[in-house]
Number of protein chains: 2
Amino acid sequence: MIDKGLLKGSIKTIVLKLLSEHQRMYGYEICQHVKTISQEQVILTEGALYPMLHKMEADGLLLTEKVRVGNRVRKYYQLSTTGTQEVTKKLEQFRTYVEAMQLILQPKMTN
Amino acid sequence: MIDKGLLKGSIKTIVLKLLSEHQRMYGYEICQHVKTISQEQVILTEGALYPMLHKMEADGLLLTEKVRVGNRVRKYYQLSTTGTQEVTKKLEQFRTYVEAMQLILQPKMTN
DNA sequence: ATAAATACCTAAGAATTTTAGGTATAAAAG
DNA sequence: CTTTTATACCTAAAATTCTTAGGTATTTAT
């Protein structure tokens with residue numbers, strides 16, 4: 001699995017990107033989806049994800065909607081207008097970060 | 001400047017890589033060098049760097065050597081055997097991390 | 001009937017970093 | 001020549017983010 005330290009600071013970017021593609025998702029679904037598409041490499045733990053979702057909602061990036069499914073209540077998240085703008089910023093920041101790191105770690109990552 | 005959050009967990013990798021190319025460097029030099037080669041994008045603050053260097057030395061990754069320069073004492077760091085092995089691991093982990101992130105963030109980072 | 005999967009959550013602690021200092025020498029600028 | 005900037009080291013408090021390790025409850029598989 002991926003080095004924990006490196007993943008720090010990436011969760012928000014991941015959540016924003018997934019929501020920009022899926023309209024709405026719930027927490028557990030996000031965990032599973034990340035696991036699947038990253039080929040089991042990125043494991044978003046619930047202890048990290050839920051507090052982050054709550055923070056992003058408090059920051060006005062996400063909107064929520066509770067939906068009853070049988071006897072359970074699912075909490076769906078979707079991007080707010082601010083959140084939608086934030087996606088672009090975060091993706092851009094990630095790109096810049098990788099480029100800067102490659103300048104430092106040089107040989108084009110292909111060594 | 002680079003998003004702070006993303007840089008978390010990268011300092012160790014950066015230090016190891018620089019030392020693998022330079023035989024020996026001192027703290028202040030590392031800060032300046034990173035700033036220069038990253039084109040002012042990555043700013044390693046001393047408050048983050050020095051404690052990390054001390055930790056890496058304590059963990060046996062680095063060896064130190066104090067050198068008088070005029071009336072000042074410079075503290076040079078170089079890789080230990082363990083440190084040298086660690087470079088490869090860390091670079092590999094970084095590559096894996098970027099690849100995994102690209103699976104999630106998809107459009108090959110070129111969008 | 002029991003275990004595993006789904007689905008939410010929190011709180012204590014660890015790890016890493018920021019912020020904001022402190023000390024002191026050497027070089028540049030006014 | 002004195003003040004600022006650069007060099008060069010350091011630490012400690014606070015903030016951030018994450019891990020670990022729980023807890024609850026429903027639903028599906030074994």
Side-chain angles (χ1 to χ4, degrees), chain A residues 1-16 24-36 40 42-59 61-62 64-77 90 93-94 97 101, chain B residues 1-16 24-36 40-59 61-62 64-77 90 93-94 97 100-101:
Chain A
M1 207 226 302
I2 290 290
D3 176 67
K4 311 278 193 170
L6 290 173
L7 226 32
K8 289 215 178 198
S10 307
I11 296 188
K12 192 170 166 180
T13 307
I14 292 173
V15 170
L16 288 170
R24 67 178 203 178
M25 296 180 90
Y26 53 97
Y28 190 80
E29 190 184 10
I30 293 175
C31 287
Q32 300 307 313
H33 197 251
V34 167
K35 193 173 163 186
T36 305
E40 238 82 336
V42 178
I43 306 297
L44 269 194
T45 60
E46 299 183 9
L49 181 62
Y50 287 117
M52 177 56 73
L53 287 172
H54 300 161
K55 187 183 183 302
M56 290 170 75
E57 186 186 359
D59 291 347
L61 300 175
L62 304 181
T64 61
E65 193 183 352
K66 287 181 182 174
V67 175
R68 280 187 63 90
V69 178
N71 272 21
R72 268 190 297 210
V73 179
R74 243 181 225 166
K75 196 167 166 190
Y76 277 98
Y77 291 88
K90 279 288 167 190
Q93 282 176 6
F94 183 74
Y97 160 70
M101 282 297 285
Chain B
M1 208 227 301
I2 289 292
D3 177 67
K4 310 278 193 168
L6 290 172
L7 226 34
K8 291 212 179 199
S10 307
I11 296 187
K12 193 169 165 180
T13 307
I14 292 173
V15 170
L16 288 169
R24 66 177 204 180
M25 295 179 91
Y26 53 98
Y28 190 80
E29 190 184 11
I30 293 175
C31 287
Q32 301 307 312
H33 197 252
V34 167
K35 193 174 164 186
T36 304
E40 239 81 338
Q41 289 180 105
V42 178
I43 307 296
L44 268 194
T45 61
E46 298 183 10
L49 181 62
Y50 287 117
M52 176 57 73
L53 287 172
H54 301 160
K55 187 185 184 300
M56 290 171 74
E57 186 186 0
D59 291 348
L61 299 174
L62 304 181
T64 61
E65 192 182 355
K66 287 181 182 172
V67 177
R68 280 187 62 91
V69 178
N71 272 20
R72 271 191 293 210
V73 179
R74 243 182 226 165
K75 196 167 166 188
Y76 278 97
Y77 291 87
K90 279 287 167 192
Q93 282 176 6
F94 183 75
Y97 159 71
M101 283 297 284

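- The distance from atom CZ of A:Arg72 to atom C1' of C:dA5 is 8 Å, rounded to the nearest whole Å.
- Place A:Gln32 and B:Asn71 on DNA chain C by their nearest nucleotides, and A:Gln32 ends up nearer the 5' end.
- A straight line from NZ of A:Lys4 to P of D:dT17 spans 18 Å, rounded to a whole angstrom.
- Minimum atom distance to the side chain of A:Ala48 is reached by D:dT19, of the listed D:dT19, C:dT16, C:dC9.
- Place B:Met52 and A:Lys75 on DNA chain C by their nearest nucleotides, and A:Lys75 ends up nearer the 5' end.
- One atom, CD of B:Glu46, and another, P of C:dA24, lie 17 Å apart when rounded to the nearest Å.
- Under 4.0 angstrom from either OP1 or OP2 of D:dT7 there lies at least one side-chain N or O belonging to B:Tyr28.
- Contact between B:Ile11 and B:Ala48 at its shortest, heavy atoms only, is CD1-CB, 3.8 Å.
- The shortest distance between the side-chain N/O atoms of A:His54 and the OP1/OP2 oxygens of C:dC8 is not below 4.0 Å.
- Residue-level contact check: A:Gly9 touches the backbone only, with heavy atoms under 4.0 Å from sugar-phosphate atoms and none from bases.
- Counting any heavy atom pair closer than 4.0 Å across all strands shown, A:Lys55 reaches sugar-phosphate atoms only and no base atom.
- Within 4.0 Å (heavy atoms only), B:Glu29 reaches no atom of the nucleic acid at all.
- A straight line from CG of A:Leu6 to P of D:dT17 spans 16 Å, rounded to a whole angstrom.
- If you measure from atom CZ of A:Arg74 to atom C1' of C:dT6, you get 8 Å, rounded to the nearest angstrom.
- Shortest non-hydrogen contact noted between A:Tyr28 and A:Tyr50 is N-OH, 3.5 Å.
- The shortest distance between the side-chain N/O atoms of A:Tyr50 and the OP1/OP2 oxygens of C:dC8 is below 4.0 Å.
- Atoms NZ (A:Lys66) and P (C:dC9) sit 7 Å apart, rounded to a whole Å.
- Backbone-only engagement by B:Gly27 is indicated by non-hydrogen atom pairs under 4.0 Å involving sugar-phosphate atoms exclusively.
- Between the OH atom of A:Tyr26 and the P atom of C:dC9 there is a distance of 13 Å, rounded to whole Å.
- Here D:dA8 presents its C1' atom at 15 Å from CG of B:Leu44, a figure rounded to the nearest Å.
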